[in-house]
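First the structure, in the form of structure tokens, and then the observations on it.
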2 protein chains.
Amino acid sequence: MTTQAIRKTRNPEQTRSDLLDAAYTEILESGYQAASLERILANTSVSKGALYHHFGTKRELGLAVIKEVIAPQLAARWFAPFTEHDDPLASLQRILEEKIRTADESVIRYGCPLNNLIQEMSPLDEEFRRGLQQILELWVEVMATALADGQQAQKVRADVAPKEVALFIVAAIEGCVGLGKNAQSVEAYQRCLRQLQLYVQSLAA
Amino acid sequence: MTTQAIRKTRNPEQTRSDLLDAAYTEILESGYQAASLERILANTSVSKGALYHHFGTKRELGLAVIKEVIAPQLAARWFAPFTEHDDPLASLQRILEEKIRTADESVIRYGCPLNNLIQEMSPLDEEFRRGLQQILELWVEVMATALADGQQAQKVRADVAPKEVALFIVAAIEGCVGLGKNAQSVEAYQRCLRQLQLYVQSLAA
DNA sequence: TTGACAAGATACCGCTTGGTCGGTATCTTT
DNA sequence: AAAGATACCGACCAAGCGGTATCTTGTCAA
């Protein structure tokens, strides 16, 4: 016989979304493997029963965080701006300028959630890897397409290989975040992105 | 009363070094937090008592791996080649060419031990962060010095800022490894490094 | 109004984890 | 040879982990 501390009103979608948010934060702070379900529950005042009602395993929760939290977040912050104009280099410069301007301690502290999970999980779990890879490929594709369009519009040098350069730029971005994170220095992060800006500039026709 | 399975001959240095090697591998495969002491012991046939004789805590073992295994390894593979010649860009191209040529599944599978630990540990443990930062700073410094020397010798464009560019190159390298790791694709890794080569080439006077 | 099911609660479980501790064997010193 | 320090052994421990079982309660269609 148990007395239950019942939530007044039910709201399964809210519960699910609360769990995803808390899990996202916990994973960002501790990594996936070290993420504690107990801690996630404590931060949501959701019960373990509710958690396992919505997600079959910790793994499922982690995969859902990738698909439903991280992917949309990156899409909004990095992909979307490209589709707005016909000069991809200008778009990219604007994005980078924005990142440099708004860089603060929170970005530098925990780094890029995508990159964090890549380094930790991609050798350990094939499904995690594929989820992350999907985001990465979309990112590269969006950028490559924009670069190719830019070539048509004579804004981008004809000798650049769009896919290759897009891949490199994504790599450089992740690298910059990573270095800034370890230096715990907003300034180092900004200096690194500035060099990337110079590189992007050199791609102009 | 316990009967002990004694090692015929004592060899503390060997034991310590065995532990460091096994810990390095375990950390590379699982990350630091998920690294299991039991598994390390199983791979070394060293007893738990011996481990805790040489290292006070798991943390000490991890820090020792950074200082005594990862740091020298990176120094040998990435720093040393710079001091050999007076044309830093040529040195760098040679290093990158070598990396592209010898890229194999093992590099792509587990990525860069330095980068892995950065993403996982730098927000969680200040001493880990400092140990990793020391390696990073040395790397950047070696490269920056080489670039500055290259400017003196008129081999490097006068308008490049050595420290900034060195930082960016290190970031780009880590980024390339990271992307290759998640793509599980030697080819993606190579393509990414090729773009870095083109960038390095553009620095020539 | 009621039956069926979704949603949520909580006590509990087996297992692994990093770490401890009393003890023993070997090596060095005197 | 005695003694003291160093190296090593392995049983044990508390805590935290992800996961399960069993229960109650809210919701809504029939």
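Computed from a predicted structure; not experimentally measured. Quick note on labels: first sequence line is chain A, next is B, and so on, each numbered from 1. We use all heavy atoms of the structure for the numbers below, so side chains are in, but hydrogens, waters and symmetry mates are not.
Atom CD in A/Gln14 sits roughly 17 Å away from atom C1' in D/dG26 (whole-Å rounding). Distance, A/Phe55 CZ to D/dG18 P: 15 Å, rounded to whole Å. If you take CD1 of B/Ile40 and C1' of C/dT17, they are 12 Å apart, rounded to a whole angstrom. Protein atom CZ of A/Arg10 is 11 Å distant from nucleotide atom P of C/dA6, rounded to whole Å. Between B/Glu13 atom CD and D/dC8 atom C1' there is a gap of 15 Å when expressed in whole angstrom units. Rounding to whole angstrom units, CG of residue B/Leu51 and P of D/dG10 are separated by 14 Å. The CZ-P distance, from A/Arg16 to C/dG8, rounds to 12 Å in whole Å. Counting to the nearest Å, the P atom of C/dT16 and the CG atom of B/Leu41 are 15 Å from each other.
Using a 4.0 Å cut-off, some side-chain N or O of B/His53 falls inside it from OP1 or OP2 of D/dA7. Considering only side-chain N and O atoms, B/Thr15 lies under 4.0 angstrom from the phosphate OP1 or OP2 of D/dC8. The phosphate of C/dG8 (OP1 or OP2) has no side-chain N or O of A/Ser47 nearer than 4.0 angstrom. Taking 4.0 angstrom as the limit, A/His54 places none of its side-chain polar atoms (N or O) nearer than this to OP1 or OP2 of C/dA6.
When each of A/Ile70, A/Thr25, A/Asp21 is checked for a side chain to side chain contact (heavy atoms under 4.5 Å, CB included) with A/Val65, only A/Ile70 meets the rule.
Checked by atom type and distance alone, the side chain of A/Glu26 pairs as donor or acceptor with a backbone atom of A/Ser36 at under 3.5 Å. Between the side chain of B/Gln195 and the main chain of A/Glu164, no donor-acceptor pair closer than 3.5 Å is present. Looking only at distances, no side-chain donor or acceptor of B/Gln93 sits under 3.5 Å from a matching main-chain atom of B/Val200. Panel note: side chain B/Glu120, backbone B/Tyr32; a donor-acceptor pair is recorded below 3.5 Å.
Using a 4.5 Å heavy-atom threshold, the side chains of B/Phe82 and B/Ile95 count as touching.
Take the nearest nucleotide of DNA chain D for A/Gln33 and for B/Pro12: the residue whose nucleotide is more 5' is B/Pro12.
Looking at heavy-atom distances under 4.0 Å, A/Ala34 makes no contact with the nucleic acid at all.
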Nucleotide N/O of nucleotides 19-21 of chain D paired with protein N/O under 3.5 Å:
unit_1, atom_1, unit_2, atom_2, d
D/dG19, OP2, A/Tyr52, OH, 2.8
D/dG19, OP2, A/Lys58, N, 2.8
D/dG19, O5', A/Tyr52, OH, 3.4
D/dG19, N7, A/Lys48, NZ, 3.2
D/dG19, O6, A/Lys48, NZ, 2.9

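Here the side chain of A/Ser36 is nearest to one of D/dC17, D/dT27, C/dG18, namely D/dC17.
Ring orientation note: the planes of B/Phe79 and B/Trp139 are tilted relative to one another, at an angle of 30° to 60°.
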